[in-house]
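All remarks here apply to the structure that follows.
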Amino acid sequence: MRISLRQLSVFLSVARHQSYTRAAEELNLTQPAVFTQVKQLEDSLGVALLDRIGKRMQPTDAGRVVVEGARETLDAVERMEMRLADMRGLREGRLTLAIVSTAQYFLPRLLGQFCDANPGIEVALTVTNRQAVLARLAASEDDLCILGTPPEGLDVVARAIADNPLVLIARPDHPLAAEVNIPPERVAREPFLLRERGSGTRLTVERFFRARGLTLPMRMELGSNEAIKQAVIGGLGLGALSRDTLALEGATGALKVLDVAGFPLLRQWQVAYPRGKHLSVVAEAFLDHLVAHARQAVEAGAAIARIAKEAAQE
Ligand code: PGA
């Protein structure tokens, strides 16, 4: 039997429109070309597929059987093509991510596992602050964005992937370092080192104090988490950071997490993308990977810090 997919799809179009002319328009073919394709199909199958009733071409009984078979065949071919495209996607796709700077302490671990499993994938990673990530999210510039708290005021899909507690830190010889259950009012009398405007870390900590009628006395504004840590170690004041930024310094004892009432502020890492955005196969796969493994990666960072701290104390 010498029937082709082309003949089947032309026949389906004629049967749907009940007209050679309308099928020719839909398929961008001439009317005789459509007629020839259907004729060849009829010849191969040895049955008449269409009856002319008035102006309409209607499928015969055999024609209805062929309509059904043609649909199933073309659907199966389409599914096969989609599966092949997906396989190519994971083999040689590209993944673009925008993450807030505090996420750079755990995300590369997850990215490393993902790239090991899918070595052909090329990754572009933008690390910046919350405000800039929100702008990129609004403009749909990346496949996925990672933030420290849910994005507000944007029509996006956001999923919590792991805990993201925010802590206050001091140098271990700071007078508050040995105290417990320190009232926020007491903390708000100390000079503070804050991230730049647009930072989610700064926004969160300022909101906490503002809700209690307190303003943090800012000693210095610094543009990165590392700069905050170094300035706290340098004795310039107290700082606020996502706990996940502290894996190393917390462990070496160079920084102390303060026991302030109301802290740590409990937040959740979020992965987000614009609602309605078509995610590539690669983006879908990384999203699944994040949902499955982010919690574990974040905990692994905290565990490394605990083990190193215990080793340092022995
Ligand atoms: P950021 O991080 O301070 O780098 O904007 C956001 C966050 O942890 O909420």
Side-chain angles (χ1 to χ4, degrees), residues 96-111 124-139 141-142 144-154 156-170 187 192-211 215-216 218-233 236-250 255 257-258 260 262-273 290 294-295 297-302 305:
T96 58
L97 302 171
I99 69 170
V100 290
S101 69
T102 42
Q104 68 184 308
Y105 297 85
F106 75 91
L107 192 92
R109 267 198 295 277
L110 288 161
L111 210 45
L125 177 66
T126 302
V127 182
T128 180
N129 69 20
R130 177 179 178 83
Q131 195 174 32
V133 171
L134 286 176
R136 294 181 69 96
L137 182 56
E141 284 186 47
D142 309 277
L144 300 169
C145 292
I146 294 184
L147 301 110
T149 48
E152 291 152 9
L154 290 179
V156 298
V157 179
R159 290 179 70 168
I161 49 171
D163 291 341
N164 176 23
L166 186 136
V167 295
L168 297 183
I169 52 166
V187 174
F192 246 85
L193 307 165
L194 289 177
R195 285 276 307 278
E196 77 286 0
R197 267 179 211 293
S199 146
T201 308
R202 173 163 173 174
L203 181 78
T204 306
V205 74
E206 283 189 333
R207 267 191 195 162
F208 173 88
F209 285 97
R210 207 178 308 124
T215 317
L216 292 177
M218 184 167 72
R219 170 112 185 236
M220 206 186 278
E221 184 177 286
L222 296 128
S224 75
N225 302 311
E226 291 306 312
I228 297 270
K229 288 185 213 169
Q230 294 309 321
V232 173
I233 291 170
L236 287 164
L238 304 183
L241 287 176
S242 171
R243 182 203 61 188
D244 295 326
T245 67
L246 289 174
L248 291 176
E249 293 76 4
L255 290 168
V257 172
L258 294 179
V260 178
F263 280 81
L265 299 182
L266 298 178
R267 312 181 299 161
Q268 299 241 291
W269 291 111
Q270 306 281 322
V271 56
Y273 55 92
L290 282 177
R295 226 162 275 279
V298 166
E299 283 316 313

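The first residue in the sequence is number 1, and the count goes up from there. Whatever order the structure lists them in is the order used to number ligands and atoms, beginning at 1.
Of the protein's non-hydrogen atoms, the one nearest atom 3 (O) of ligand 1 is Thr201 OG1, 2.6 Å. At the top of the distance list for atom 4 (O) of ligand 1, counting protein heavy atoms only, stands Ser101 OG, 2.6 Å. In terms of protein heavy-atom proximity, atom 7 (C) of ligand 1 is nearest to Thr102 OG1, 3.5 Å. The protein atom (non-hydrogen) at minimum distance from atom 1 (P) of ligand 1 is Gly200 N, 3.5 Å. The nearest protein atom to atom 9 (O) of ligand 1, hydrogens excluded, is given as Arg267 NH1, 2.9 Å; this is a heavy-atom distance.
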Query raised in the report: For Leu238 and Leu168, what are the C-alpha separation, side-chain angles and deciding distance, and is it a side chain to side chain contact (heavy atoms under 4.5 Å, CB included)?
Result: CA-CA 7 Å; Leu238 304 183; Leu168 297 183; over 6 Å; no
Requested in this report: Check step by step if side chain to side chain contact (heavy atoms under 4.5 Å, CB included) holds for Phe192 and Val187.
Outcome: CA-CA 9 Å; Phe192 246 85; Val187 174; 3.5 Å; yes
**Report entry** Check against salt bridge (charged side-chain N to carboxylate O under 4.0 Å, His left out), Glu221 and Arg202
**Finding:** CA-CA 10 Å; Glu221 184 177 286; Arg202 173 163 173 174; 2.8 Å; yes
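At least one side-chain heavy atom of Asn164 sits under 4.5 Å from a side-chain heavy atom of Asp244.
Interface of Arg130 with ligand 1, defined as ligand atoms under 4.0 Å from a residue heavy atom, comprises 5 (O). The Ser199 neighbourhood of ligand 1 comprises atoms 1 (P), 3 (O), 5 (O), with distances under 4.0 Å to a heavy atom of that residue. Under a 4.0 Å criterion applied to the non-hydrogen atoms of Arg195, ligand 1 contributes the atoms 1 (P), 3 (O), 4 (O).
Ligand 1 does not have Gln131 within reach: every non-hydrogen atom of the residue lies 4.0 Å or more from it.
Between the side chains of Ser101 and Arg195, at least one donor N or O sits under 3.5 Å from an acceptor N or O.
Atom CZ of Arg295 has more than 12 heavy atoms from other residues, nucleotides or ligands within 6.0 Å. Residue-environment remark: CD (Gln131) stays at or below the threshold of 12 foreign heavy atoms within 6.0 Å.
Close N/O approach between Val100 and ligand 1 is not found [any backbone or side-chain N/O within under 3.5 Å].
Separating the CG atom in Leu255 from the CD1 atom in Ile169 is a distance of 4.5 Å, to the nearest 0.5 Å.
Residue Arg202 does not touch ligand 1, judged by heavy-atom distances below 4.0 Å.
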